[in-house]
Trainee: 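Below are the structure tokens for one structure; questions will follow.
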Amino acid sequence: MHNLELYINDKKKLFSEHHFFQKLYDPQIELSKKLEFLPYLAHFIMSFGDINKYVIPFRSPKDQYEKIINTHAEEDAHHWPWYIDDLKALGLDKNQSITQTLEFLWSEKLAPSRELSYKLISLLSNQSAIIRYIVIEVMEATGNVTFKVLKNITHTLNPPLKFCGQLHLSHETGHTITEDENLFEKYTFSDQDRLNAQNIINECFDAFSYFMDQLNDNLNQLLEE
């Protein structure tokens with residue numbers, strides 16, 4: 001497992017260099033304008049809660065591996081209320097009709113965010129604990145990068161934001177929540193299983209990077225308005 005963790009760390013570093021994050025750090029752009037992209041996270045953030053509630057957990061965990069997966073999913077399933085709170089705090093929860101909301105959530109502008117959700121579901125569904133662990137590790141790695149950036153650019157706001165602030169970052173450690181950190185690390189892969197795991201890691205990071213491309217396009221459009 002150690003080699004795969006190094007592989008994920010390398011992919012995480014590349015992910016952290018995405019131009020979207022560089023734009024969020026741009027001092028020439030007002031913070032309030034930067035954060036206008038947050039509604040474009042909506043489909044994925046709400047789907048992420050459901051993925052952790054309905055897809056990742058084992059209904060009847062048979063061993064410690066499966067119990068650890070369930071413990072992690074239970075915690076991650078409850079982050080979305082912080083997102084709602086931040087939208088309200090920033091004045092981004094504008095009134096609109098239900099049809100306008102549906103058209104927005106399922107628009108082409110948000111297609112990559114929906115594809116990310118569906119990709120994660122396809123990689124997680126009916127998989128073993130070790131495969132779910134690997135996908136979770138990628139989700140944690142990308143989340144750690146993203147929320148570190150958001151915390152860094154919003155840390156001066158008072159009162160502090162929840163989803164975009166230290167509260168959320170403290171729960172996005174970059175690794176799976178587990179009482180026994182060495183349990184999965186001791187897992188031994190065959191050469192073929194390791195190759196399959198690397199392919200899954202690549203697919204996950206590609207989907208997250210495509211999502212960042214979408215957010216960058218969304219932000220560019222907002223900056224032009």
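Numbers for residues simply follow the sequence, beginning at 1.
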Trainee: I'd like to check the side chain to side chain donor-acceptor pair (under 3.5 Å) partners of Lys88; sequence neighbours left out, ordered by chain and number.
Mentor: none
Trainee: Do you know which two heavy atoms are closest between Lys53 and Ala77, and how far apart they sit?
Mentor: N-CB, 4.2 Å
Trainee: Name the one of Asp217, Leu223, Leu215, Asn216 that satisfies side-chain contact (heavy atoms from CB on, under 4.5 Å) with Leu219?
Mentor: Leu223
Trainee: Let me check something: do Leu14 and Val145 share a hydrophobic cluster, defined by ILVMFWY side-chain heavy atoms less than 4.5 Å apart, either directly or through other members?
Mentor: no
Trainee: Which pair of heavy atoms, one from Phe58 and one from Ser128, lies closest together, and at what distance?
Mentor: CZ-C, 4.0 Å
Trainee: With a 6.0 Å cut-off (strictly less than), is the heavy-atom count around CG of Asn126, excluding the residue itself, greater than 12?
Mentor: no
Trainee: Can you list the steps and then say if Val135 with Ile201 is a side-chain contact (heavy atoms from CB on, under 4.5 Å)?
Mentor: CA-CA 7 Å; Val135 176; Ile201 292 167; over 6 Å; no
Trainee: Would you compute the distance between atom NZ of Lys12 and atom CD of Glu140 and round it to the nearest 0.5 angstrom?
Mentor: 9.5 Å
Trainee: Quick one: does any side-chain atom of Thr154 pair with a main-chain N or O of Cys164 as donor and acceptor, under 3.5 Å?
Mentor: yes
Trainee: Taking Ser170 for its side chain and Leu167 for its backbone only, find out whether a donor-acceptor pair lies under 3.5 Å.
Mentor: yes
Trainee: Before giving the answer on side-chain contact (heavy atoms from CB on, under 4.5 Å), spell out for Phe184 and Ile69 the whole-Å C-alpha distance, their side-chain angles and the decisive distance to 0.1 Å.
Mentor: CA-CA 11 Å; Phe184 281 101; Ile69 296 299; 4.1 Å; yes
Trainee: Examine distances only and state if a side-chain atom of Gln22 and a backbone atom of Glu17 form a donor-acceptor pair shorter than 3.5 Å.
Mentor: yes
Trainee: Could you state whether Phe37 and Leu31 fall into the same hydrophobic cluster, counting links through intermediate Ile, Leu, Val, Met, Phe, Trp or Tyr residues with side-chain heavy atoms under 4.5 angstrom apart?
Mentor: yes
Trainee: Could you tell me whether the side chain of Ser122 and the main chain of Lys119 form a donor-acceptor pair under 3.5 Å?
Mentor: yes
Trainee: For Gln100 versus Ser97, what's the shortest heavy-atom pair and its separation?
Mentor: OE1-N, 2.9 Å
Trainee: Does the Asn52 side chain pair with the main chain of Phe48, one donor and one acceptor, at a distance under 3.5 Å?
Mentor: yes
Trainee: Going through the checks in order, is the side-chain contact (heavy atoms from CB on, under 4.5 Å) test met by Leu161 and Leu90?
Mentor: CA-CA 9 Å; Leu161 296 177; Leu90 294 166; 4.1 Å; yes
Trainee: Nearest 0.5 Å, what's the CD-CD distance between Gln221 and Glu36?
Mentor: 11.5 Å
Trainee: Hey, what do you get for SG (Cys204) to CG (Asn199), rounding to the nearest 0.5 Å?
Mentor: 11.0 Å
Trainee: Verify, without hydrogens or angle tests, whether His72 (side chain) and Ile68 (backbone) share a donor-acceptor contact under 3.5 angstrom.
Mentor: no
Trainee: Within the 4.5 Å heavy-atom criterion, are Ile153 and Leu35 side-chain neighbours or not?
Mentor: yes
Trainee: For residues Leu157 and Pro159, determine if any side-chain heavy atom of one lies less than 4.5 Å from a side-chain heavy atom of the other.
Mentor: no
Trainee: Indicate the atoms forming the closest heavy-atom contact of Pro57 with Asn70, along with that distance.
Mentor: CA-OD1, 3.1 Å
Trainee: Can you tell me if OH on Tyr25 sees more than 12 non-hydrogen neighbours from other groups inside 6.0 Å?
Mentor: yes
Trainee: Starting at CD of Gln198, measure out to CD1 of Ile134 and round the result to the nearest 0.5 Å.
Mentor: 9.5 Å
Trainee: Does a side-chain heavy-atom distance below 4.5 Å link His43 with Trp106?
Mentor: yes
Trainee: Hey, does the side chain of Arg114 reach the backbone of Glu108 with a donor-acceptor pair shorter than 3.5 angstrom?
Mentor: no
Trainee: Taking Leu24's backbone N and O only, do any of them form a donor-acceptor pair with Lys34's side chain (distance below 3.5 Å, no angle check)?
Mentor: yes
Trainee: Please report the interatomic distance CG(Leu116) to OG1(Thr142), rounded to the nearest 0.5 Å.
Mentor: 8.0 Å
Trainee: Is Lys23 atom NZ crowded by more than 12 heavy atoms from other residues, nucleotides or ligands, each under 6.0 Å away?
Mentor: yes
Trainee: Indicate if Ile8 and Leu6 have the same hydrophobic cluster label, given that clusters are the connected sets of ILVMFWY residues with side-chain heavy-atom separations under 4.5 angstrom.
Mentor: no
Trainee: Does the side-chain contact (heavy atoms from CB on, under 4.5 Å) test come out yes or no for Phe44 and Phe208, once each step is laid out?
Mentor: CA-CA 11 Å; Phe44 177 68; Phe208 273 104; 4.0 Å; yes
Trainee: Under 30°, 30 to 60°, or over 60°: which ring-plane class applies to His18 and Phe21, parallel, tilted or perpendicular?
Mentor: perpendicular
Trainee: Is the number of heavy atoms from other residues, nucleotides or ligands under 6.0 Å of Lys13 NZ greater than 12?
Mentor: no
Trainee: Is there a donor-acceptor contact under 3.5 Å linking the side chains of Asn218 and Gln214?
Mentor: yes
Trainee: How close do Tyr65 and Ala129 get, heavy atom to heavy atom, and via which atoms?
Mentor: CB-CB, 3.7 Å
Trainee: Are any side-chain N or O atoms of Asn152 and backbone N or O atoms of Lys148, one a donor and one an acceptor, separated by less than 3.5 Å?
Mentor: yes
Trainee: Testing the basics here: between Gly165 and Lys151, what is the closest heavy-atom pair and its distance to 0.1 Å?
Mentor: C-CG, 3.9 Å
Trainee: What distance do Arg132 atom CZ and Met139 atom CE have between them, rounded to the nearest 0.5 Å?
Mentor: 11.0 Å
Trainee: Tell me, do Ile51 and Ile56 make a side-chain contact under 4.5 Å, heavy atoms counted?
Mentor: yes
Trainee: In this structure, would Leu123 and Leu195 fall into the same cluster of hydrophobic residues linked by side-chain contacts under 4.5 Å?
Mentor: no
Trainee: Tell me whether Ser209 contacts the main-chain N or O of Asp206 through its side chain, where contact means a donor paired with an acceptor under 3.5 Å.
Mentor: no
Trainee: Take atom CH2 in Trp80; do more than 12 heavy atoms of anything else shown fall under 6.0 Å from it?
Mentor: no
Trainee: Consider only side-chain heavy atoms of I, L, V, M, F, W and Y, link residues closer than 4.5 Å, and tell whether Tyr210 and Leu41 are in one cluster.
Mentor: no
Trainee: Does the ring of Tyr7 carry Arg194 above it, NZ/CZ under 6.0 angstrom from centre and within 45° of its axis?
Mentor: no
Trainee: Can you find a side-chain donor-acceptor pair between Gln192 and Asn196 that sits under 3.5 Å?
Mentor: yes
Trainee: Quick one: side chain to side chain donor-acceptor pair (under 3.5 Å) partners of Tyr118, sequence neighbours excluded?
Mentor: none
Trainee: For His168 and Phe163, take the angle between the two ring planes, folded into 0 to 90°, and tell me which bin it lands in: parallel under 30, tilted 30 to 60, perpendicular over 60.
Mentor: tilted
